[in-house]
Every structure is written in C-alpha cells, then in structure tokens.
Amino acid sequence: MKRVVSLLLSAALLLGLLSACRKTSPDDSLVQDHTARELADVALPASGYDGEGGDLEYLTATEDGTQEVQRDEGLTVYFNQEVLTVYLENAYNIQSAELPWEDAVVLRATGASAFEIAILRMEDDSAAVRAVTAFMSYIFSRQGDFAGYAPDQADMVANGGLMQKGPYAGLFICPDPDKAQAAVEAALDGKPLPGQPGGDEPVTDVKELRDLLVSWAGMEGADLEKLDDGDVEALTTYTKGVYGLAPDLWQECAIARGTGNSAFEVAVVHVTDPDMYHDVSDPLDGYLDAREAAFDFDGAEEQAVLLHQALTVYSEPYVVLLACQDAEEAAWVFTNATGTGGYSYDGRHPIWGEEDSDHPGRTKFIQPNKDDMSLYDTSAIRSAWENGDPLELSRDDRRIYNEAEKVLKKVIKDGMSDYEKEAALYEWVVNSVDYDWTHQNVMVKTPRESFTPYGGLVNHTAVCLGYATTFQLLCDLAGVECITVVGAAFSSQEDHGWNMVRLNGEWYCVDVTWDANVREQIGRGRPEDWGYFNVTSDHMADTDHQWDYANTPEATAGDQGKG
C-alpha cells in the first residue's frame, strides 16, 4: 500500500549505476544547457506513452513565480512552484533545503498508471548524484505500490531508467525508458538520437552484443570460453546439452563463459518466435539454479552469490543470460545498445526479502505500518442484522447495512451451500468495487472510507482493507465463517489485507482485491479469471503475501473449497 521513501542504498550500488551511465555517455563537461521543460518535452514523445491508464499531470514552475493551472482533456499543467516542491519532497524525498535544485519538471500519470518522467537540474554534479540516489529509492518503493494490484505497471517501474549527466538527474518510468533517456542524453550532448542520421546505429549482431557485455563486465582478457557460429556443432551441443534448448527455438546465439572456478557467463539468444520466449528463458533459469547449487556445494561463496543474483531477461527478440556482476545494469547496457526499449524478467527466487527462519520458504513478516490498518467495527451492524432491527444504527452503519442487505437479496438464494454463498459474494465484490487509485498518488489523501465496508458497499471504491472488510461483513451476514488477515506484500514493504474462509472444517485464503484489480485490467471478473479464490497459504506466500504465520490458520486443502 502507500509507500514511505526511506530506503538507504549502498555507495557501491550508486557507483555501479553511475559507472554504467558513463560507459555510454560523452564527457559530462560537454553537457549542453537546457531547461527541464525542454528536456521533458524531448523525453515524452520517445517514452512510448499512449495516453491510457490515467490522465497526465505536468508539474513545473514559471521563471517569474506566477502560478496557474491549465486543464485540457487528459492533461493538467500545474505552473506552481509550491506544488512542485511538495511533490519532490514527498515523492522523491528531495528536500530543497538539503538538496537544492534549480529547475525541475515532473510528468506523471494518475489513476492506475505508474508512468512518470522527472527531469531535475541540480546546483552541481554532486547534487545530481544524490538526486539519482533518491530516484533509485523511489523506484523500489513505487514498485511496491503496484505489485499485485497492477503487475504490468509494477514491471514498468522495475524497468525504470535513471540518468545522471553533469548537473542533470532523470527518472524514466515509462514503456520505453531507454529511448526516453537516450532522447534526453542526445539533447544534452547536442547530437542526433540513436538510429537517426548521424547517430549511433543499434547493435544487432549477437557476437557483438556478447562481446559488449564481456567488455562492460570488465572480463576482457579473462580466460573465457566463447561459443558462436564459428563452431556451429559445438554451439548446438552446448545449448542443447547444457541449457536444454532445442535448436528450433533460436536463430542465433553467442556465449562467453568463465573457465575453472569462475561462474561468469553471458549468453545472447536471438529467439525464433517471440511468443515462445518462455520456452527459452525457463530452461536458462533452470540452468542457473543448478549452477548455483553446484557452486554452493563446492564452497565457492562469491561465485554462488553472483549466480544467485544472475538474471535471464527478455528484450525482444533476445533472451539474455547474465551471470555477471550488476546483472540488472548489464541488462540496461544491453537494451541501450540494441535500442529495444527495455526488458522484462521473472524473478528466479520468489523470496527476495529476509527468509523467516521458523517458516522456511516464506519471507519474514514485519508489519510495515505505513497505513492505519485497524479494522472497522461491524459489531453493531451484525447485531442489528441478527435482530432484524437497524433503527438504532449510526448514519454510516445504517447505509452500510442497507447496501449489504441489497447485495445479499440479489446474490444469495435459498438452499445455497456455504461455498456457493462465498463464491456469489466474491463475484459481486470483484465486479462491483473499484480500486481507489488515490492510494498510489502521493499528492492525494485517500479517504478513510476506502479502508472500510463503507467504501466497498456505499462508495463502491476501496483499497485492500476496504475490500477485505466488505467481503468479511457480507460473509458474516450470510453465515459463512470468515476472518480478515492484516498482513503485508512486496516482501513486507507494503501493508496489505485479505481474507480466509472456513468451509467444511478447512481454511482457504482469498484476496478479492488482487482479483478485482485483474478485472479492472482485463475487463472481466469471471471465476475462471480468479487467481486468489480459495487457495492455500503456500500459494499466498509464493505470490508475495506475508503475515503472522504462527498465529493465523494454515490453509492446506487444494480443492478450492469444492470438497
């Protein structure tokens, strides 16, 4: 749920980032002067923004300090120094008193879109480095805002780009972050964009791309074994026998791997059919898992860590295996060189937070407490329901009662089993309650009603706790045993709430929020589209849910409540 920007990043990580940026950028001393607005206007057309997912806000300031708001269809422009300053401080934790900036523009989508571009001109290069550190922290926390709720947006955040060039700092959370960044850097360099006349042409040869990764990783001159079309038989034997890739899955491939006790390995695979990239990436992930285990067994801890952090990324039409230092930054280098506009990957290790020693295979639960997760007291409503007399209820409770009564009359039929009642209520909530996306907007305070059954039943808008308490109240009134679990997501970085129901003596987990989010994204909320209805506790743990494992019922039945 709502984030607090407080992650401290190591100096090594920052130095790695800046090293990566400078490998492909000219001397910062030659940076051309531009206003933040000029650079933002260059970045937006290259960003892949399609206008969907929410209106666009443009936060900037005028040179003379005048303030005004201009609204057009789908666009609101705030010429307001105060609004801009508040956003920089609250979203990025860039406090103007401690980290002075001279010029800034933020382009951000509202609603269910994570799209965001920020260009800052700081007072000097050192301040720009610190601004990039703040952006890195923001990317991590912003990803948590959308993880589970809008996975495609969470992926876009995770693949976001960063730039530091002279006194300028840039953040690019967009469909094509590399192209947006390249457009800004080209403007600062005073040269054409990649792929345009006079600019750098994209690299497409797999051997050149492999050698680029070797060079970037500092492995030139190391004892490496290289496989490519210079020996097709050896290449095919290795890809099939070691990676498990059938020859018809790839068109071209180039590999470089360390010898002896070195775990270094990069492989660039040009996939035959982009729709089948998982057929290539999954075996490569399996290879990395087996290779990691082998190094663990041999006691080569440093190499095992390198393999543990290794990635298999997809950047159409390539699948790239990266067992090297700073694998994510290597992926950025790759997409910059190819002009493919970004990459995606599935994590090899479902637990990326601290593992709970008492519950192996599960992330340690620590309640984030970023939101008020106290439960709305529905005792008066339940009592009135039992007595059939709502006259003494408060105004808000009476409205909740009336709306709940309408739902129950509509979806509950005589003779229904508890399972049928639960499914009918779940379907109603999935299809009738929209997520309150103000919760992902640092500039807007989410109303407390969205955390309660009032949000779900009266306003038909809620955040996770509102979904969960709405579902529980409906189950309570329908006679289905149900509890609300106040837990976390995003490796205990974000507050989250869901439910458990008991049918025929067995507990089952349900997360109506995330299934409702899927409905919002794909336009339908049919039972066959549900991914969190009557699932096991292990399924919840494997899909980024954390909770008080010791004091919460364990759901183990795999029949989804059907008996």
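None of the values given here were measured: they were computed from a predicted structure. These numbers come from the heavy atoms of this one structure, side chains and all, not from hydrogens, waters or symmetry mates. By convention here, the first residue in the shown sequence is residue 1.
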Mark yes or no for whether [X], through its side chain, and [Y], through its backbone, hold a donor-acceptor pair below 3.5 Å.
X	Y	value
Trp530	Gly525	yes
Gln164	Gly166	yes
Arg448	Asp372	yes
Ser137	Thr133	no
Ser113	Thr110	no
Ser47	Tyr49	yes
Gln521	Asn517	yes
Thr470	Gly466	yes
Glu116	Ile173	no
Thr543	Met540	yes

My understanding is that only residues two or more places apart in sequence, or in another chain, count here; which of them pass side chain to side chain donor-acceptor pair (under 3.5 Å) with [X]?
X	answer
Glu520	Trp437
Asp396	none
Asn369	none

If I take atom [atom1] from residue [X] and atom [atom2] from residue [Y], how far apart are they, to the nearest 0.5 angstrom?
X	Y	atom1	atom2	result
Met443	Thr438	CE	OG1	13.5 Å
Leu84	Glu82	CG	CD	11.0 Å
Asp124	Glu102	CG	CD	8.5 Å
Glu57	Thr60	CD	OG1	13.5 Å
Leu212	Lys207	CG	NZ	15.5 Å
Asn93	Glu89	CG	CD	9.0 Å

Subject >> Listed partners of Asp211 passing salt bridge (charged side-chain N to carboxylate O under 4.0 Å, His left out), at least two apart >> reply: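 Partners of Asp211 by the salt bridge (charged side-chain N to carboxylate O under 4.0 Å, His left out) criterion, ordered by chain and then number, come out as Lys226.
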
Original post:
Mind checking what makes salt bridge (charged side-chain N to carboxylate O under 4.0 Å, His left out) contact with Asp275, not counting sequence neighbours?
Top reply: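 With neighbours one apart ignored, the set is empty.
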
Which pair of heavy atoms, one from [X] and one from [Y], lies closest together, and at what distance?
X	Y	value
Val184	Ala43	CG2-CB, 3.7 Å
Pro151	Tyr149	CD-C, 3.8 Å
Pro368	Asp495	CD-OD1, 3.3 Å
Ala187	Leu39	CB-CD2, 3.9 Å
Tyr467	Ala462	CE1-O, 3.4 Å
Leu209	Ala337	CD2-CB, 4.2 Å

What about the rings of [X] and [Y], do their centers lie closer together than 6.0 Å?
X	Y	value
Trp514	Tyr532	yes
Phe490	Phe146	no
Tyr78	Tyr58	no

Original post:
Should Arg37 and Asp103 count as an ion pair when the cut-off is N to O under 4.0 Å?
Top reply: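 Salt bridge flag = no for Asp103 with Arg37.
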
Subject >> Basic-acidic side-chain contact under 4.0 Å: Lys165, Asp125 >> reply: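 Salt bridge: no.
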
**OP:** Could you label the plane-to-plane angle of the His496 and His545 rings as parallel, tilted or perpendicular, counting under 30° as parallel and over 60° as perpendicular?
**Re:**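 The arrangement is tilted - the two ring planes meet at 30° to 60°.
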
Original post:
How are the rings of His439 and Tyr435 set relative to one another: parallel (under 30°), tilted (30 to 60°) or perpendicular (over 60°)?
Top reply: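 Aromatic pair His439/Tyr435 classed perpendicular.
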
**OP:** Could you walk me through whether Tyr87 and Arg108 pass the side-chain hydrogen bond (donor to acceptor under 3.5 Å, both in side chains) test, one step at a time?
**Re:** CA-CA 11 Å; Tyr87 189 81; Arg108 58 190 293 269; 3.2 Å; yes

**OP:** Kindly write out the residues that satisfy side chain to side chain contact (heavy atoms under 4.5 Å, CB included) with Glu220, not counting sequence neighbours, or none if the list is empty.
**Re:**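 Per chain and number, Glu220 pairs via side chain to side chain contact (heavy atoms under 4.5 Å, CB included) with Val214, Ser215.
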
Original post:
For Ala323, what residues pass the side chain to side chain contact (heavy atoms under 4.5 Å, CB included) criterion, not counting sequence neighbours?
Top reply: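 Testing Ala323 for side chain to side chain contact (heavy atoms under 4.5 Å, CB included), a comparison that skips the adjacent residues, returns Glu265, Leu288, Leu306, Leu307, Ala310, Leu321.
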
**OP:** Report the C-alpha separation of Asp33 and Arg121 in whole Å, then their side-chain angles, then the decisive distance to 0.1 Å, and conclude whether the salt bridge (charged side-chain N to carboxylate O under 4.0 Å, His left out) test is met.
**Re:** CA-CA 10 Å; Asp33 283 337; Arg121 178 175 179 135; 3.1 Å; yes

For [X], give me all partners under ring pair (Phe, Tyr, Trp, His ring centres under 6.0 Å), at least two apart in sequence or on another chain.
X	value
Phe264	none
His270	Tyr318
Phe471	Tyr426

**OP:** List the steps and the verdict of side-chain hydrogen bond (donor to acceptor under 3.5 Å, both in side chains) for Gln546 and Asp544.
**Re:** CA-CA 7 Å; Gln546 300 84 43; Asp544 197 20; 3.0 Å; yes

Original post:
How far apart are the C-alpha atoms of Phe334 and Leu322, what are their side-chain angles, what is the distance that settles it, and do they pass the side-chain contact (heavy atoms from CB on, under 4.5 Å) test?
Top reply: CA-CA 10 Å; Phe334 182 87; Leu322 297 166; 6.0 Å; no

Original post:
Any side-chain heavy atom of Leu375 sitting closer than 4.5 Å to one from Val486?
Top reply: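 When only atoms from C-beta onward are counted, Val486 and Leu375 do touch, with a gap below 4.5 Å.
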
Original post:
Looking at Val86, Leu88, Ile94, which hits side chain to side chain contact (heavy atoms under 4.5 Å, CB included) with Asn90?
Top reply: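 Answer after filtering Val86, Leu88, Ile94: Val86.
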
Subject >> Pairwise ring-ring contact (aromatic ring centres under 6.0 Å, His included) hits with a residue in residues 161-185, at least two apart >> reply: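 Sorted result for residues 161-185: empty, none.
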
Subject >> Over-ring placement of Arg142 relative to Tyr138, 6.0 Å and 45° cut-offs >> reply: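 No cation-pi geometry.
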
Original post:
Any salt bridge (Lys or Arg N to Asp or Glu O under 4.0 Å) pairs touching residues 429-444, not counting sequence neighbours?
Top reply: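 Listed by first then second residue: Asp434-Arg519.
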
**OP:** Kindly determine whether Gln143 and Asp145 satisfy side-chain hydrogen bond (donor to acceptor under 3.5 Å, both in side chains), including the steps that lead there.
**Re:** CA-CA 5 Å; Gln143 185 182 358; Asp145 283 346; over 6 Å; no

Subject >> Verdict with reasoning, Asn459 to Thr461, per side-chain hydrogen bond (donor to acceptor under 3.5 Å, both in side chains) >> reply: CA-CA 5 Å; Asn459 296 337; Thr461 304; over 6 Å; no

